[in-house]
Amino acid sequence: MACLFGDVLKIDTTGASEVTAKQDKLTIKGIEASKILAETDLARIERYKNTIIKVARAKQMDPAVIAAIVSRESRAGAVLKEGWGEHGNAFGLMQVDKRYHAPTGTWDSELHIVQATDILINFIKEIKVKFPKWTQEQCFKGGISAYNAGLKNVQTYERMDIGTTGDDYANDVIARAQWFKSKGY
């Protein structure tokens, strides 16, 4: 299935920061830490695989990226309380922030994944406008960073994750997505 926004396997990444890796008490960081974090979430994410692939196909988004965001944002629901995280501000598997969007569907529904994927796609498109000289893959990564910290946070390609959660959001999501690709996403 072709992704309209670029090839996640062609995106450079440094993976998870030490801060993110410590969520699971890992003593390593980087791409290897991202793989371990994703692998930890795989069994829970498998419950949503058909929905993720269905939404990805409809939106021409890479299902591995959706799976990676589900892993990063909510650990596939494991860290949520009645569907909510981020001190009651963010909703669902992909953590749609109620301060900026009216969440749709139940926390683990197709409707929720559609809404969150639309938010991601909008950020990718906004990054393309903000940085018209960036490659498709750079815009894809920038959109992932903006999904976490907003469009204003992305100032340069090299430092796009500074100011994101753990200062590694896009790099960690990309590394997890590359791993999810190897698992059929």
### Query
Out of Leu120, Leu4, Val114, which residue meets the side-chain contact (heavy atoms from CB on, under 4.5 Å) rule with Lys59?
Val114
### Query
In terms of side-chain heavy atoms, does Ser71 have a donor or acceptor partner in Arg176 at a distance below 3.5 Å?
yes
### Task
Would you indicate whether Glu46, at its atom CD, is surrounded by more than 12 heavy atoms from other residues, nucleotides or ligands within a distance under 6.0 Å?
yes
### Query
Taking the side chain as C-beta and beyond, is there a heavy-atom pair between Lys125 and Ile121 under 4.5 Å?
yes
#### Entry: Salt bridge present between Arg75 and Asp24 (N-O < 4.0 angstrom)
yes
### Message
Tell me whether Lys141 forms a cation-pi arrangement with Trp134, defined as NZ or CZ under 6.0 Å from the six-membered ring centre and within 45 degrees of its axis.
### Response
no
#### Entry: Heavy-atom donor-acceptor pair, Ser145 side chain to Ala170 backbone, under 3.5 Å
no
### Message
Is it the case that over 12 heavy atoms from other parts of the model lie below 6.0 angstrom from the CG atom of Asp12?
### Response
yes
### Query
Do the non-hydrogen side-chain atoms of Thr13 and Val173 ever get within less than 4.5 Å of each other?
no
### side-chain hydrogen bond (donor to acceptor under 3.5 Å, both in side chains) partners for Asp7, two or more places apart
none
### Message
Assess, by modelled atom type and distance only, whether the side chains of Gln115 and Thr104 contain a donor and an acceptor separated by less than 3.5 Å.
### Response
yes
### Query
Are side-chain N/O atoms of Ser34 and Asp172 paired as donor and acceptor at under 3.5 Å?
yes
### Task
State whether Tyr185 and Lys49 meet the cation-pi test: NZ (Lys) or CZ (Arg) under 6.0 Å from the six-membered ring centroid, and within 45° of the perpendicular axis.
yes
### Task
Indicate yes or no: at least one non-hydrogen side-chain atom of Leu80 is less than 4.5 angstrom from one of Trp84.
no
### Under 3.5 Å donor-acceptor, His112 side chain and Met94 backbone
yes
### Query
With a 4.5 Å heavy-atom cut-off, do Leu42 and Trp179 have their side chains touching?
yes
